[in-house]
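Index from 1, following the sequence.
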Amino acid sequence: MKKRFNIKSIILFLLICFASSIQQVKAEDVLRMLVWEGYTPEKQVKIFESYIQQKYNKSVKLKIQYISDPNDFFDGIRSKEIDIISPTHNLLKDARFNFIKNKILLPVDIDNVPNYKQIIHSLQNADYAESDGNVYAVPFVHGPYGLGYNAGILNAPDSWNIFWDPKFKNKYSISSDYYEVNIYITGLSLGYKGNQLSTAEVINNPEFKNKLRELAQNAGSLWEGVDTAEALKNQSIAAVWGFSFPELSKQGQIWKIAEPKEGTMGFVDNFAIGYALKDKPFLKKVAEEWLNYAISPDFQVEAVVRGLGSAPVNLSIRDQLTPEENAQYHMEDPDFFQNNRILWPTLKRTRDRNIMKMLWEKSMMK
């Protein structure tokens, strides 16, 4: 009886170990991503999974969730329920999150991201993604909160102050919920620069508040989240990401982005790796493979330029784009981004954000 009991115990123990190992393999074969919709197209996901299978002789599946609120990035990474996120540049060192300072992101081994050397030079080792010589995020797409104009109605405006021209009252559209960017373009119109655009002590004055209120009250339409063809249709100008332009074109309205003399505020979205992969070296390497793939020429052309309709970060793709695409994204000028885009400031003080939000909310009140 004793011998039989030992054999049964051993078999049971082996079965438990086997089941545990199976569960561990399954867990290690899934890379969990939390991203904005459109950033992981089905075609590119399949190509990537096939590539990993062929290169490592191991199947890895991407489990993708879409985000609706930037706060979700922090919650997902902190709880270790997410491995890769796609934060905008100004979130990484934002006072609310401090992803890098709080050590909930892993530094990227740039040797595993060879396409990194092909991206816009000013975005390599950018301050927003760097700390102590380490890089914590790899950019893959950028774009403006730009001065859009209906090219069938007027020529390209040369200043943000066109929004305060009386003849365009009720003939423009702006964001209703991204209060920061409306603060920024108001600041640009007043000649503010750099950190002045987001410093509470600078913007909290009667002149600024009156101008911001005019911007909000005189809008012909407001859009939420992303600009839409419905919001811009038959308007003259708009402050936009530009996502509505393809649909507007189908409706016979050609919209373009102007380059105002004060400059244009811009965003950069990145992929970053969470600390849930700290003790999972294989999955960490696969995550870096994804970062490298996202800035590869194929992904940049098909997923970013032609899928999202957004600006690529890889400057080596000019020969794969049409003349119109090269012109639209200024691909012939390697310094265009550095010279013409003003990155949204990183808000490192809670006071600044609170004042900005308060000013916008008051400007919206009838």
Between Glu262 and Lys193, does at least one N-O distance fall below 4.0 Å, as a salt bridge requires?
no

Quiz item: Do Phe336 and Leu321 share a hydrophobic cluster (ILVMFWY, side-chain heavy atoms under 4.5 Å, transitive)?
Solution: no

### Message
Within the 4.5 Å heavy-atom criterion, are Pro297 and Gln118 side-chain neighbours or not?
### Response
yes

Got a donor-acceptor contact below 3.5 angstrom from the Gln217 side chain to the Ser363 backbone? yes

Query - Side-chain H-bond candidate by donor/acceptor type, Tyr179 with Arg353, under 3.5 Å - result: yes

With Ile355 as partner, the option from Asn204, Ile183, Val202 fulfilling side chain to side chain contact (heavy atoms under 4.5 Å, CB included) is Asn204

Centroid-centroid under 6.0 Å between Tyr149 and Trp255 rings: no

Taken to the nearest 0.5 Å, the spacing of Leu277 CG from Lys280 NZ works out to 6.5 Å

| message | Contact between Val138 and Phe140 at the side-chain level, heavy atoms closer than 4.5 Å - yes or no? | response | no

Is the shortest distance from a Lys or Arg side-chain nitrogen in Glu214 or Lys169 to a carboxylate oxygen in the other one below 4.0 Å?
no

ask   = Does Glu42 pair with Lys46 as a salt bridge, N-O distance under 4.0 Å?
value = yes

Next on the checklist: Tell me if the CG atom of Asn57 is crowded by more than 12 foreign heavy atoms within 6.0 Å.
Outcome noted: no

Here the gap from Leu154 atom CG to Lys167 atom NZ, rounded to the nearest 0.5 Å, amounts to 8.5 Å

**Q.** Ring geometry between Trp344 and His89 (parallel below 30°, tilted from 30 to 60°, perpendicular above 60°)
**A.** tilted

**OP:** Indicate yes or no: at least one non-hydrogen side-chain atom of Leu343 is less than 4.5 angstrom from one of Asn90.
**Re:** no

Next on the checklist: Please evaluate residues Tyr172 and Asn218 with respect to the criterion side-chain hydrogen bond (donor to acceptor under 3.5 Å, both in side chains), reporting the C-alpha separation (whole Å), side-chain torsions for both, the decisive distance (0.1 Å), and the verdict.
Outcome noted: CA-CA 8 Å; Tyr172 63 82; Asn218 293 338; 4.8 Å; no

Inset, instruction - Please determine if Lys58 forms a cation-pi arrangement with Phe282, meaning its NZ or CZ atom is less than 6.0 Å from the six-membered ring centre and no more than 45° off the ring axis. - result: yes

Heavy-atom count check: over 12 atoms from other residues, nucleotides or ligands less than 6.0 Å from Glu201 CD? yes

Checking the side chain of Glu130 only, and the main-chain atoms of Tyr136 only, is there a donor and an acceptor separated by less than 3.5 Å?
no

query = Ile82 and Met33: side chain to side chain contact (heavy atoms under 4.5 Å, CB included), yes or no, with the steps?
reply = CA-CA 6 Å; Ile82 297 296; Met33 303 178 69; 5.8 Å; no

Quick check: does any side chain N or O of Trp360 sit under 3.5 Å from a backbone N or O of Ser176, one acting as donor and the other as acceptor? yes

Does Lys284 come within less than 4.0 Å of Glu289, counting only side-chain N to carboxylate O? no

Verdict with reasoning, Asp269 to Tyr39, per side-chain hydrogen bond (donor to acceptor under 3.5 Å, both in side chains): CA-CA 10 Å; Asp269 279 354; Tyr39 283 3; 2.5 Å; yes

Pairwise side-chain contact, Val268 with Val141, heavy-atom cut-off 4.5 Å (strictly under): no

Item to check | Side-chain touch Glu288/Ile110, heavy atoms, less than 4.5 angstrom | outcome: no

Notebook entry, point to check: Is the closest side-chain heavy-atom distance between Asp29 and Lys61 below 4.5 Å?
Noted result: no

Rounded to the nearest 0.5 angstrom, the OG1-CG distance for Thr346 and Leu92 is 7.5 Å

Worked check of ring-ring contact (aromatic ring centres under 6.0 Å, His included) between Trp241 and Tyr178:
CA-CA 11 Å; Trp241 315 125; Tyr178 278 86; 5.2 Å; yes

Would you check if the side chain of Arg318 reaches a backbone N or O of Leu315 as a donor-acceptor pair within less than 3.5 Å?
yes

Practice problem: Could you tell me whether Asn195 atom CG has more than 12 heavy atoms of other residues or ligands within 6.0 Å of it? | Solution: no

When rounded to the nearest 0.5 Å, the distance separating CH2 of Trp290 from CD1 of Ile273 is 12.5 Å

| message | Please check this pair: side chain of Asn326 against backbone of Met331, looking for a donor-acceptor N/O pair closer than 3.5 Å. | response | no

request  = Give a yes or no on whether Asn205 atom CG has more than 12 heavy-atom contacts from other residues, nucleotides or ligands under 6.0 Å away.
outcome  = yes

- Message: Are Val35 and Ile67 packed together at the side-chain level, in the sense that at least one heavy-atom pair is separated by less than 4.5 angstrom?
- Response: no

d(Ile120 CD1, Arg341 CZ) to nearest 0.5 Å is 10.0 Å

Checklist entry - Taking the six-membered ring for Trp, are Phe99 and Phe97 parallel (under 30°), tilted (30 to 60°) or perpendicular (over 60°)? => result tilted

- Hey, mind stepping through Ser175 and Glu224 against side chain to side chain contact (heavy atoms under 4.5 Å, CB included) and telling me if it holds? CA-CA 6 Å; Ser175 169; Glu224 184 175 342; over 6 Å; no

Next item on the list: Answer yes or no: is there a donor N or O on one side and an acceptor on the other, between the side chain of Glu325 and the main chain of Thr322, under 3.5 Å?
Entry: yes

Between Ser249 and Gln253, do the side chains contain an N or O donor and an N or O acceptor separated by less than 3.5 Å?
no

**Request:** Could you check Val60 against Leu283 for side chain to side chain contact (heavy atoms under 4.5 Å, CB included), going step by step and ending with a plain yes or no?
**Result:** CA-CA 9 Å; Val60 175; Leu283 270 186; 4.2 Å; yes

Notebook entry, point to check: Hey, is Lys233 close enough to Glu247 for a salt bridge, meaning N to O under 4.0 Å?
Noted result: no

**Prompt:** Between the side chains of Ser296 and Asp298, is a donor N or O closer than 3.5 angstrom to an acceptor N or O?
**Reply:** no

**Prompt:** Judged by atom type as modelled, is there a donor-acceptor pair below 3.5 Å linking the side chain of Gln338 to the main-chain atoms of Ser122?
**Reply:** no

In this structure, CG of Asn115 is separated from CD1 of Ile295 (nearest 0.5 Å) by 5.0 Å

Proximity of His142 and Phe337 rings by center, below 6.0 Å:
yes

Distance-only polar pair, side chains of Asp352 and Ser198, donor-acceptor under 3.5 Å = no

Q.
Any donor-acceptor pair under 3.5 Å linking the side-chain atoms of Tyr145 with those of Asn182?
A. yes

Less than 4.5 Å apart, side chain to side chain, heavy atoms only: is that true for Phe73 and Ser86? yes

Original post:
Counting only heavy atoms not in Gln251, do more than 12 fall under 6.0 Å of its CD?
Top reply: yes

Original post:
So, does Glu49 use its side chain to make a donor-acceptor pair with the main chain of Leu62 at under 3.5 Å?
Top reply: yes

Main-chain N/O of Asp127 paired to Lys93 side chain as donor or acceptor, under 3.5 Å:
yes

*Can you tell me if Asp132 and Asn134 form a side-chain donor-acceptor pair at under 3.5 Å?*
no

Report task. Following the transitive rule for hydrophobic clusters with a side-chain heavy-atom cut-off under 4.5 Å over Ile, Leu, Val, Met, Phe, Trp and Tyr, establish whether Ile237 and Ile254 coincide in one cluster. Result -> no

Q) Hey, is NZ on Lys171 packed in by over 12 heavy atoms from elsewhere, all under 6.0 Å? A) no

task = Please work out which of the three classes, parallel, tilted or perpendicular, describes the rings of Tyr192 and Phe208, given edges at 30° and 60°.
result = parallel

Would you check if there is a donor-acceptor pair between the side chains of Lys261 and Asn161 at a distance under 3.5 Å?
no

Notebook entry, point to check: Checking Trp160 side chain against Gly263 main chain: does a donor-acceptor pair fall under 3.5 Å?
Noted result: yes

